[in-house]
Amino acid sequence: MKLTLHVWRQAGPSARGRFVRYDVPDGSPDMSFLELLDVLNQQLIARKEEPIAFDHDCREGICGACGMVINGRPHGPQRATTACQLHLRHFADGAEIWIEPWRARAFPIVKDLVVDRAAFDRIVQAGGFITARTGSAPEANSILVPKPAADLAMDAAACIGCGACVAACPNASAMLFVAAKVSHLGLLPQGQPERDARVMQLVAQMDAEGFGACSNHGECMAACPKEISIDFIARLNRDYIRGTFL
Amino acid sequence: MELRPQIPAGALTDKWERHRAEIRLVNPANKLKHHIIVVGSGLAGASAAASLAELGYDVSCFCFQDSPRRAHSIAAQGGINAAKNYQNDGDSVFRLFYDTVKGGDFRSREANVYRLAQISVDIIDQCVAQGVPFAREYGGLLANRSFGGVQVSRTFYARGQTGQQLLLGAYQALSCQIAAGKVRMYPRTELLDVVVIDGRARGIVTRSLVDGTLATHTADAVVLATGGYANVYYLSTNAKGCNVTAIWRAHKRGAAFANPCFTQIHPTCIPVTGPHQSKLTLMSESLRNDGRIWVPRQRGDQRPPDQIPENERDYYLERLYPSFGNLAPRDIASRRAKEVCDEGRGVGPGGHGVYLDLRDAIRRLGRPVIAERYGNLFEMYQRITGENPYVVPMRIYPAPHYTMGGLWVDYNLMSTVEGLYAIGEANFSDHGANRLGASALMQGLADGYFVLPYTIGDYLAQAKLPKVDAGHAAARQTETEVAERTRRLLLVNGRRSVDTFHRELGRLMWDRCGMSRNAAGLKEAIQRICVLREEFWQDVYVGGRGEDLNQSLEHAGRVADFFEFAELMCHDALEREESCGCHFREEYQTPEGEAKRDDARFSHVAAWEFTGVGKAPVLHREPLAFEAVHLSQRSYK
Ligand SMILES: Cc1cc2nc3c(=O)[nH]c(=O)nc-3n(C[C@H](O)[C@H](O)[C@H](O)COP(=O)(O)OP(=O)(O)OC[C@H]3O[C@@H](n4cnc5c(N)ncnc54)[C@H](O)[C@@H]3O)c2cc1C
Ligand code: FES
């Protein structure tokens, strides 16, 4: 397949960025999107030009490292699919593709398609855990977790922290990310003692990081490669109100 | 170099208990004075860093990803073993121990494996307390499944994302300690060398992957939790960044490297589609619980699978291994798959594939049950191949997956360099010549939560550690060497990209030191590696600058290390004149093509000492003694 790519190139955090056009004559429908970038990078290297920087690691849709906006959509056009799992068979031969980094104040650009998502780590550090010192745990089966609660907690816990929700949101809000963590832990009996404090701390940190507010667009859920439901945002809001009045 | 395994005296069942009772403790008031470096934030590194910080040590943790949560452990799918015997099916600590030793083809240390089996139960308790959403039964109790070639149900799982959930548990524990100021986290930072002063590991030299700054960090002990090296084959199921750099540089500074040739080829991966292939994707082997593996009886049979009648299919694992069938251990399943493909009976493009067929299970259990068990795996398969596994059987082929070899460590997980520890996949570990499914997660967490945090105290309590800082001559020298190497990589300015060299090395290793090996091939490989390595240093083109985010430079450093390491791997494979576990030497097999172990000559750990690049490494042997298990020929017939 022949493809024309317009890739955002930016040398550093404060450098000016711009789209650069590249033609890739030798794409194949079985290639993943990142393999397309690999092929392009090999071309660039052969011409002694600088390859495009982009984050990636597992290439299996689970580490959450990859992330780019493809034709205006985080991770591209395919439902429930990260960029690394997106395959070229979903594009027409001759297609023109625009590729740019996540754009959000809380995710500053590092270089080309690489952004700094440390804000997510700091949100988790603010209280996205259950305090359980190593060695202090009770026998595992002494804690009963009803299957529906465990399943729902797992739905929320499936978040890979890629940041597509933020990139998709017109307000660059991190509500879906925070809601997923709050719900995962808040649905489990083990998570109850810290539940109220946790939601308050996470939301406070989210605000401090400069993420926007949620105004129920629902773009986050549509972009989420793990299809995390916005029902969790409703749950977060309930927990937040509960936390406020306690 | 002397190998001192430090295995405690006493009965196998009491060794760990007794050791813990006898271990020296660090005065709580002094713990904060001990700075410990943990390199790696996977299951092993994150659990160790968090646990050490909880104990009161001053901890720094490093990883090359942008967040510790993205370590390669995140990708583990199938599950984690523990001898809980919740299913009442006859499991026990002894049985888990026995299965692991036997599965490893009697090439692991009894005492370590027994400890691992004992600790396995605590891991589940710990993870549940952290909120890991393991699968549950309707009554709210934990669910289990059987996994990877054993006959009891002892595997705990969180859908097909067990590694993710366990890692998030450890990452959250780590985050809690970071927030408390007890761990300093350095993401996007790569270890490029270990600082050894007076024979002890006293720090590391790192490069910031954002701006290229080199830094020296000093400490009282260094823990490497840097994962496995299957990417020496280029194509593997490992994440792209997985590398041998940390343990290789440690090896060059005096740490013995054990059993480097023990590499596991996983039988159930999605086959290669073309020259652009950048990695291989594992389909969890839990699929083998319900799937049947087959190829056409006829060579070159081009019919679509649904048009090949039952009596023209060869369910070769069921035929060859009636009692284990499709659950035969990984090494056997992989080798047999290669064999039928080499016979010309492989399926799919290029004939490098066999069918993994769930048709019968779908008929028997219904689609909803199969969807509940494997839905996300099916989706992943379809996403990659464009084929629907509910309708067309999946195609699979073996791929490099896990490395049993690693830094040699004693019972305390300390390498041959004092104060330098290796945990998780980075050590030569408890899996002998072959790892059973769902045992790597168990081992990584055992090392990180429950072994290292105790044993490191024993060292710190007695070692005399004069203060050192980055200004120390040895530290400065190490940093200079790192800078020089980086500069050299950039200076070559040749014609070939790093990637083409890596691919070529990978292909060579796969052909000559992959699923089966022979002396002639290995000798040839050693020569070719040396030639290719020369060429790399003369003709590689890296580009860009050192003081910048430069992914080509990162890759170049890793590939340079793979080039040196690959040679050692071949030496080890050549030296081990037997077939055991994943190491299959064509010269040593039975008439039926089964591996022929040689306990008289090779019942040992091969620990290699570095003598110089391109120089013959020196072999040290740690004899393996078996008291609790009887050495048998593995039989899965
Ligand atoms: C696809 C797949 C599925 C698997 N499924 C299972 C399963 O179901 N059950 C099971 O038991 N096992 C499974 N395994 C194996 C298991 O996942 C790994 O063996 C295990 O997670 C390794 O953990 P670790 O902590 O040792 O290393 P890793 O998780 O690999 O972590 C390595 C860490 O070291 C860091 N690092 C590496 N080099 C450097 C450096 N030079 N400088 C700085 N940091 C560095 C990395 O950033 C990372 O944080 C699977 C493996 C794969 C590939
Ligand atoms: S590279 Fe890991 S999710 Fe895409």
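All values below were derived from every heavy atom in this structure, side-chain atoms included, with hydrogens, water molecules and symmetry-related copies excluded. Here is how names work: the chains are called A, B, and so on, in the same order as the sequence lines, proteins then strands, and each is numbered from 1. The structure displayed is predicted, hence computed values, not measured ones.
Scanning all heavy atoms of the two residues, the minimum distance from A/Phe120 to B/Tyr171 falls at O-OH, 4.4 Å. Taking both residues in full, the closest heavy atoms of B/Asn493 and A/Lys48 are given as OD1-NZ, 3.0 Å, listed atom of the first, atom of the second, then distance. Residues A/Cys159 and B/Gln164 share a closest heavy-atom pair of O-NE2, 3.3 Å. Here the closest non-hydrogen pair linking A/Pro138 and B/Asp125 is O-CB, 3.4 Å. Across all their heavy atoms, A/Ile130 and B/Gly131 have their closest contact at CD1-CA, 3.8 Å.
Only the side chain of B/Ile178 comes within less than 4.5 Å of a heavy atom of chain A; its backbone N, CA, C and O stay farther away. For B/Leu280, the part lying near chain A is the backbone, with the side chain staying farther off; criterion is any non-hydrogen pair under 4.5 Å. Proximity to chain B is limited to the side chain of A/Lys111, based on heavy atoms less than 4.5 angstrom apart. Proximity to chain A (any heavy atom under 4.5 Å) is restricted, for B/Arg188, to the side chain, taken from C-beta onward. Neither the backbone nor the side chain of A/His90 has a heavy atom closer than 4.5 Å to any heavy atom of chain B. Only the backbone of B/Phe134 comes within contact range of chain A, judged by heavy atoms closer than 4.5 Å. For chain A, the nearby part of B/Gln77 is the side chain; its heavy atoms alone come within less than 4.5 Å. Both the backbone and the side chain of A/Arg133 come within contact range of chain B, judged by heavy atoms closer than 4.5 Å. Contacts of A/Ile52 with chain B are made by backbone atoms alone, with heavy-atom separations under 4.5 Å and no side-chain atom involved. With a 4.5 angstrom heavy-atom cutoff, B/Glu137 touches chain A only via backbone atoms. Looking at B/Asp548, only its side chain comes within 4.5 Å of chain A, counting heavy atoms on both sides.
Other residues, nucleotides and ligands contribute over 12 non-hydrogen atoms within 6.0 Å of the CZ atom of A/Arg89. The local environment of CZ in A/Arg73 is sparse, with at most 12 non-hydrogen atoms from other residues, nucleotides or ligands closer than 6.0 Å. Within 6.0 Å of CZ on A/Arg47 lie more than 12 heavy atoms contributed by other residues, nucleotides or ligands.
Per-residue heavy-atom pair counts under 4.5 Å with chain A were compared for B/Ser175, B/Gly139, B/Ser497, B/Gly386, and the maximum is reached by B/Ser175. Taking chain B as the reference chain and counting heavy-atom pairs below 4.5 Å, the highest number among A/Ile160, A/Asp112, A/Asp116 is found for A/Ile160. Of the residues considered (A/Gly161, A/Ala153, A/Pro51, A/Ala53), A/Gly161 shows the highest number of contacts with chain B, using heavy-atom pairs under 4.5 Å. Of all the listed residues (B/Lys279, B/Gln126, B/Gln551, B/Gln177), the one sharing the greatest number of non-hydrogen pairs under 4.5 Å with chain A is B/Gln126. Note on A/Ser136, A/Pro189, A/Ala80: by heavy-atom pairs under 4.5 Å with chain B, the leading option is A/Ala80. Heavy-atom pairs under 4.5 Å with chain A were tallied for B/Ala158, B/Ala135, B/Ala239; the largest tally goes to B/Ala239. No other option in B/Ile384, B/Leu168, B/Val128, B/Thr385 has as many heavy-atom pairs under 4.5 Å with chain A as B/Ile384. For the options A/Asn141, A/Asp30, A/Val114, A/Asn41, heavy-atom pairs under 4.5 Å to chain B are most numerous at A/Asn141. Put simply, of B/His72, B/Gln161, B/Arg69, B/Met185, the one with the most heavy-atom pairs under 4.5 Å next to chain A is B/Arg69. Among the candidates B/Ala143, B/Ser552, B/Ala129, the residue making the largest number of heavy-atom pairs closer than 4.5 Å to chain A is B/Ala129. Put simply, of A/Leu86, A/Val110, A/Asp38, A/Thr81, the one with the most heavy-atom pairs under 4.5 Å next to chain B is A/Thr81. Contact tally against chain B (heavy-atom pairs below 4.5 Å) for A/Leu188, A/Val39, A/Ile45: the top residue is A/Ile45.
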Any chance you could lay out the side-chain contact (heavy atoms from CB on, under 4.5 Å) test for B/Lys84 and A/Glu139, step after step, and finish with the verdict?
CA-CA 10 Å; B/Lys84 284 282 198 188; A/Glu139 152 56 39; 2.8 Å; yes
Would A/Phe129 and B/Leu174 satisfy side-chain contact (heavy atoms from CB on, under 4.5 Å), going step by step from the backbone distance to the final call?
CA-CA 9 Å; A/Phe129 45 76; B/Leu174 176 63; over 6 Å; no
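Remark: A/Glu50 does not engage B/Arg545 in a salt bridge, criterion side-chain N to carboxylate O under 4.0 Å. Between A/Asp121 and B/Arg70, none of the side-chain N atoms (NZ, or NE/NH1/NH2) sits under 4.0 Å from a carboxylate O, so this pair counts as no salt bridge. The pair B/Arg159-A/Asp155 meets the salt-bridge criterion, since a charged nitrogen lies less than 4.0 angstrom from a carboxylate oxygen. Between B/Asp66 and A/Arg117 there is a salt bridge, since a side-chain N of the basic residue sits under 4.0 Å from a carboxylate O of the acidic one.
Within the model, atoms NE2 of A/His87 and CZ of B/Arg383 stand 10.0 Å from one another, a figure rounded to the nearest 0.5 Å. Distance CD/B/Gln65 to CG/A/Asp57: 5.0 Å, rounded to 0.5 Å. The CD1 atom of B/Ile123 sits 11.0 Å away from atom OG1 of A/Thr134, with the distance rounded to the nearest 0.5 Å.
Under the 4.5 Å side-chain criterion, counting only non-hydrogen atoms from C-beta, A/Lys181 is in contact with B/Gln172. A heavy-atom distance below 4.5 Å is found between the side chains of B/Thr500 and A/Gln42. A heavy-atom distance below 4.5 Å is found between the side chains of B/His276 and A/Ser28.
Counting only distance, with no hydrogens or angles, the side chain of B/Gln130 and the backbone of A/Thr131 share no donor-acceptor pair below 3.5 Å. Checked by atom type and distance alone, the side chain of A/Glu35 pairs as donor or acceptor with a backbone atom of B/Ser278 at under 3.5 Å. A/His184 places no side-chain N or O within 3.5 Å of a backbone atom of B/Pro133 that could act as its donor or acceptor partner.
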Side chains of residues 143-150 of chain A: which donor-acceptor partners sit under 3.5 Å, not counting sequence neighbours?
unit_1	atom_1	unit_2	atom_2	d
A/Lys147	NZ	A/Asp151	OD2	3.0

